[in-house]
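Structure first, commentary second.
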Amino acid sequence: AQAMLSPTDPQVVALGYHPDASKVDKTKFPKYAAPQACGNCALYQGGTAATGGCPLYPGKQVSIKGWCSAYNKKA
Ligand code: SF4
């Protein structure tokens, strides 16, 4: 299985990924608003699974409850 994306990965710090969207630093990422999460992001590849891929982070899994600043609402 692929490794989970770490929020401390240098590639990730800039984009603000956190595996728990409710814990996103809203002072750094004011665009975050509930109920945004990987699970309703257009880039999430996991469907309804708890974890899935994201094309921004090749080879890693993100949480369906995660979030990053590249969030793009699923149509
Ligand atoms: Fe999650 Fe979307 Fe960010 Fe990928 S782009 S980590 S699916 S919020």
Side-chain angles (χ1 to χ4, degrees):
Q2 289 179 322
M4 288 301 292
L5 183 65
S6 166
T8 58
D9 181 321
Q11 173 201 10
V12 165
V13 170
L15 283 168
Y17 172 78
H18 197 290
D20 181 347
S22 71
K23 299 211 167 73
V24 167
D25 183 344
K26 294 173 194 69
T27 60
K28 274 164 84 179
F29 302 102
K31 71 172 261 190
Y32 170 74
Q36 294 178 3
C38 295
N40 55 45
C41 174
L43 282 76
Y44 187 63
Q45 307 293 302
T48 57
T51 64
C54 171
L56 288 186
Y57 310 109
K60 296 283 168 63
Q61 298 266 298
V62 299
S63 168
I64 196 170
K65 294 178 177 160
W67 185 89
C68 87
S69 61
Y71 174 83
N72 190 358
K73 189 177 184 340
K74 188 156 62 179

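The shown structure was predicted, so the numbers you read here are calculated from the model rather than taken from an experiment. Index from 1, following the sequence.
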Check your understanding: Side chains of S63 and C38: closer than 4.5 Å at any heavy-atom pair?
Key ->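 Answer no - side chains too far apart.
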**Study point:** Side-chain touch D9/K60, heavy atoms, less than 4.5 angstrom
**Key:** yes
Residue [X] excluded, over 12 heavy atoms near [atom1] under 6.0 Å:
X	atom1	answer
K23	NZ	no
K26	NZ	yes
K31	NZ	yes

Point to revise | Shortest non-hydrogen contact between I64 and A37, atoms and distance | key: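 The answer is O-CB, 3.6 Å.
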**Study point:** Heavy-atom closest contact (V24 atom, Y32 atom, distance)
**Key:**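 In this case the closest contact between V24 and Y32 is CG1-CB, 4.0 Å.
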Point to revise | same_hphob_cluster(L43, W67) at 4.5 Å side-chain heavy-atom cutoff | key: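 They do not share one cluster, since no chain of ILVMFWY contacts under 4.5 Å joins L43 to W67.
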Practice item. Give a yes or no on whether L56 and V12 share a hydrophobic cluster (residues Ile, Leu, Val, Met, Phe, Trp, Tyr; joining criterion: side-chain heavy atoms under 4.5 Å apart). Key: yes
Check your understanding: Can you tell me how far CD of Q36 sits from SG of C68, rounded to the nearest 0.5 angstrom?
Key ->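 So the gap between those two atoms works out to 10.5 Å.
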**Study point:** T8 side, atom OG1; H18 side, atom NE2 - distance, nearest 0.5 Å
**Key:**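 Rounded to the nearest 0.5 Å, the OG1-NE2 separation comes out at 10.0 Å.
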Exercise for review: Measure up the Y17 and Y57 rings against each other and bin them: parallel (under 30°), tilted (30 to 60°), perpendicular (over 60°).
Suggested key: tilted
Point to revise | Donor-acceptor pair, side chain of Y44 and main chain of G52, under 3.5 angstrom | key: yes
Check your understanding: Taking it one step at a time, do Y71 and N40 satisfy side-chain hydrogen bond (donor to acceptor under 3.5 Å, both in side chains)?
Key -> CA-CA 9 Å; Y71 174 83; N40 55 45; 2.6 Å; yes
